[in-house]
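Since the structure comes first, as structure tokens, the remarks are kept for the end.
Throughout, protein chains are lettered first and strands after them, A, B, ... in sequence-line order, and every chain is numbered starting at 1. The figures here come from the full heavy-atom set of this structure, side chains too, leaving out hydrogens, waters and symmetry mates.
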Number of protein chains: 2
Amino acid sequence: MKDNPFLPGAARADVPEFTRDELGLAYRNSGALLELLTCDITPTGTHYLLNHFDVPVIAPETHSLTLEGAFRAPYSLTLAEIMAQPQITRPVTLECAGNGRAGMDPRPLSMPWMYEAIGTSEWTGTPLAPLIERARPKGSVQDFTFIGADFGYDKGVPHFYGRSLTPQDMAELEVMLVWGMNGAPLLPQHGAPLRIIVPGWYGMASVKWLTTITALEERYTGFQQVETYRFRAHPDDPGTPVNRIHVKSLMKPPGVPDWFTRARWMEAERVTLQGRAWSGAGVPIEQVEVLLDGEWRAAELTGRADTYAWTGWQIDWDATPGQHDLACRATDAEGNAQPLVPDYNTGGFANNVVQRVTVYVT
Amino acid sequence: MKDNPFLPGAARADVPEFTRDELGLAYRNSGALLELLTCDITPTGTHYLLNHFDVPVIAPETHSLTLEGAFRAPYSLTLAEIMAQPQITRPVTLECAGNGRAGMDPRPLSMPWMYEAIGTSEWTGTPLAPLIERARPKGSVQDFTFIGADFGYDKGVPHFYGRSLTPQDMAELEVMLVWGMNGAPLLPQHGAPLRIIVPGWYGMASVKWLTTITALEERYTGFQQVETYRFRAHPDDPGTPVNRIHVKSLMKPPGVPDWFTRARWMEAERVTLQGRAWSGAGVPIEQVEVLLDGEWRAAELTGRADTYAWTGWQIDWDATPGQHDLACRATDAEGNAQPLVPDYNTGGFANNVVQRVTVYVT
């Protein structure tokens, strides 16, 4: 393999960088296949997974959702009752907050994502806000907590996975209560039988295997809300919460791969490079630039299916013989652009540095 | 984390063992979630993937299969014509030949599977043998080759993924030509729109994205047939081919996990341990033994859905406080049993060493 001039990756294969625990997370938390970025909807089974604990297997026929705490009219609904609510289906792009972590230096020890923790699915459910209003939350409510059925330990702390949203978040975000994905029932690993989708925010907010919504008259202090998913400059920094997805773009790597190194090879020809771009909170993509032969050139935007779905882009490239280092960079309508070097934080969150792809053209 | 007595994995996290290229393969080639071993059929999207090159996206409406070479009556069929053949649906357990590779010492550099490259799906298709007979293979045929649409490089050699079966293999194996999985059309990453399933053999034989079947009057020498997937004792050993799945068993790890180390924790109680066992070529499982408190005890076999599907097993265990090192070991009806130490080969194939699970009981 080392004799092969277009496979420089063979050399780096000799240097172990990642721990067994990181690999153990990579087995479980599967990533998108970048060649399938040509698909508007990520094929079922290739949407990224980030599950903190074991996937619970829940019988849908006995599952119910309980709204409790500081509500004037707390209640429970069976899954069948929830599925009788007004139904909507929306494509939403989700990204793991830890996407890009493996590109940070020093690399935080957690799931070592490079670019793959991304996906767009057609989610079927009902708007959540009316169901919360029906329970008549008290005016003193500070947080609505969303608790899943998945249980385990993190840093020695046992807990059900839980996250919260403030009343203001609930008013601003179009949160969905979801039971379907890509025209089929939710799969176990995606939160069956019931989850929420918080469009425009990183995936940690979209709690799976939802069992309980609790209204709190104080701020929620669950582990996944206050200990993790915060931007911290150093370990003692209380930090700020991770929420909105940062602007980002990815390209389908051109050419064909080498099996082991995933180095890309192609013949000299005119090709159309394709990819996707997205930003948080439904903010549209304004521009995607692609680095071709050392020059940033504007790609054509091919649109998006819905407010919270990614935007397609494409650009023609005359690939000439030699090594080419490609990159893509998106800017959103608020002027946010991808950085050329990662913004460091101790958790390795929200790394939206530009993707770089090396191609060998013969 | 290091202060937590039931999380010894924290220490090993400090030692990098795996290369970036190995991790790159782990992003793409997702594994089963062992907690879902309780499901007879692996939930869609959690069946293991091992794709050598990029997943091709193929339009089903224009796809066809061509039978060519040493046939007296070569022909092509559209996908629609193939789907009009007699339809069968069978649960088949598939395992990657490289499953367990990361447990070999020294570890061969390739996809570093530990236990996860396993899955059982309901495959829908038609028996392949009658379609090959219809093309009237010449008596001189030595190999039938199965060529996929996936293309790339391995060790500098460009090729479409291809494998072969001899006329005798075709007579003995119940090879299926498959267009459906778990009641839905094949997904792109599982070979859409057409693949074969070779029940009882490791997954490398079950060619995806099938385009061509060629009858050869000499032996097939494609890269994936002669260069890889062979048991070699050393690099210059011509070796013997990998084919039949070796007897194996896995358990659902009891208790709940720590997020990062995946260490298992549970409270002292009587629990029912559950798992699956399987062997190659449809050979039934005769016995599963589970190592409990230092003693191998026979588990109850709970049966299998079909000849090529895994067998369930379970055993009760009175978990007492302390650290417990569990293991499971299957024996098939031919007397093949799992080894306690891996059988080494240079490619890291067919490692069916017993699974070991450490649990901390409080």
Side-chain angles (χ1 to χ4, degrees), chain A residues 1 3-4 7 9 12-28 30-31 33 35-36 38-39 43-47 49 51-55 57 102 109-110 112-114 116 151-156 158 184 187-190 253 256-263 265, chain B residues 1 3-4 7 9 12-28 30-31 33 35-36 38-39 43-47 49 51-55 57 102 109-110 112-114 116 151-156 158 184 187-190 253 256-263 265:
Chain A
M1 201 180 296
D3 299 326
N4 198 317
L7 301 178
R12 70 184 180 196
D14 297 328
V15 186
E17 293 180 58
F18 294 90
T19 67
R20 188 165 285 262
D21 288 338
E22 289 176 290
L23 181 67
L25 290 177
Y27 290 139
R28 298 181 52 81
S30 55
L33 302 172
E35 66 268 29
L36 297 180
T38 53
C39 303
T44 296
T46 65
H47 188 288
L49 288 181
N51 293 324
H52 289 246
F53 307 129
D54 284 5
V55 169
V57 177
L109 285 178
S110 182
W113 293 117
M114 184 54 74
E116 307 73 12
F151 184 89
Y153 285 77
D154 195 342
K155 294 189 169 62
L187 291 161
Q189 70 273 24
H190 288 289
V256 298
D258 171 64
W259 147 249
F260 183 59
T261 63
R262 310 314 291 181
W265 175 90
Chain B
M1 199 181 297
D3 298 327
N4 198 318
L7 301 178
R12 70 184 179 195
D14 297 328
V15 186
E17 292 180 58
F18 294 90
T19 67
R20 187 164 287 262
D21 288 338
E22 289 176 290
L23 181 67
L25 290 177
Y27 291 139
R28 298 181 53 81
S30 55
L33 303 171
E35 66 269 29
L36 297 180
T38 52
C39 303
T44 297
T46 65
H47 189 287
L49 288 180
N51 293 324
H52 289 246
F53 307 129
D54 284 6
V55 169
V57 177
L109 285 177
S110 182
W113 293 118
M114 184 55 74
E116 306 75 11
F151 184 89
Y153 285 77
D154 195 342
K155 294 188 169 60
L187 291 161
Q189 69 274 23
H190 288 289
V256 299
D258 171 66
W259 146 250
F260 183 59
T261 63
R262 311 314 291 181
W265 175 89

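- Two residues are said to be in side-chain contact when any heavy atoms from C-beta on lie closer than 4.5 Å; B:Q189 and A:T44 fail this criterion.
- A perpendicular orientation is assigned to the rings of A:W265 and B:Y153, their planes being inclined by more than 60° (bins at 30° and 60°).
- Counting heavy atoms from C-beta outward, A:D54 and B:R262 have side chains that approach closer than 4.5 Å.
- Side-chain contact between A:F260 and B:L109 is present, with at least one heavy-atom pair separated by less than 4.5 Å.
- Top candidate by heavy-atom pairs under 4.5 Å with chain B, chosen from A:L36, A:L25, A:T46, is A:L25.
- A:A184 does not touch chain B: none of its heavy atoms, backbone or side chain, sits under 4.5 Å away.
- B:L23 is not listed as a side-chain neighbour of A:E22, based on a closest heavy-atom distance of 4.5 Å or more.
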TODO: Kindly determine whether A:T261 and B:R20 satisfy side chain to side chain contact (heavy atoms under 4.5 Å, CB included), including the steps that lead there.
DONE: CA-CA 9 Å; A:T261 63; B:R20 187 164 287 262; over 6 Å; no
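- Both the backbone and the side chain of A:P112 come within contact range of chain B, with heavy atoms under 4.5 Å apart.
- Side chain of A:Y27 to backbone of B:M114: a donor-acceptor contact under 3.5 angstrom is found.
- In terms of heavy-atom proximity, B:V256 sits nearest to A:F151 at CB-O, 3.7 Å.
- Residue contact with chain A, scored on non-hydrogen atoms closer than 4.5 Å, involves the backbone and the side chain of B:P257 alike.
- Shortest non-hydrogen contact noted between B:S30 and A:S30 is CB-CB, 3.1 Å.
- When the candidates B:S110, B:P158, B:P188 are compared by the number of heavy-atom contacts under 4.5 Å with chain A, B:S110 comes out ahead.
- The minimum heavy-atom distance linking B:K155 with A:D258 is given by the pair N-OD1, 4.0 Å.
- Proximity to chain B is limited to the side chain of A:V57, based on heavy atoms less than 4.5 angstrom apart.
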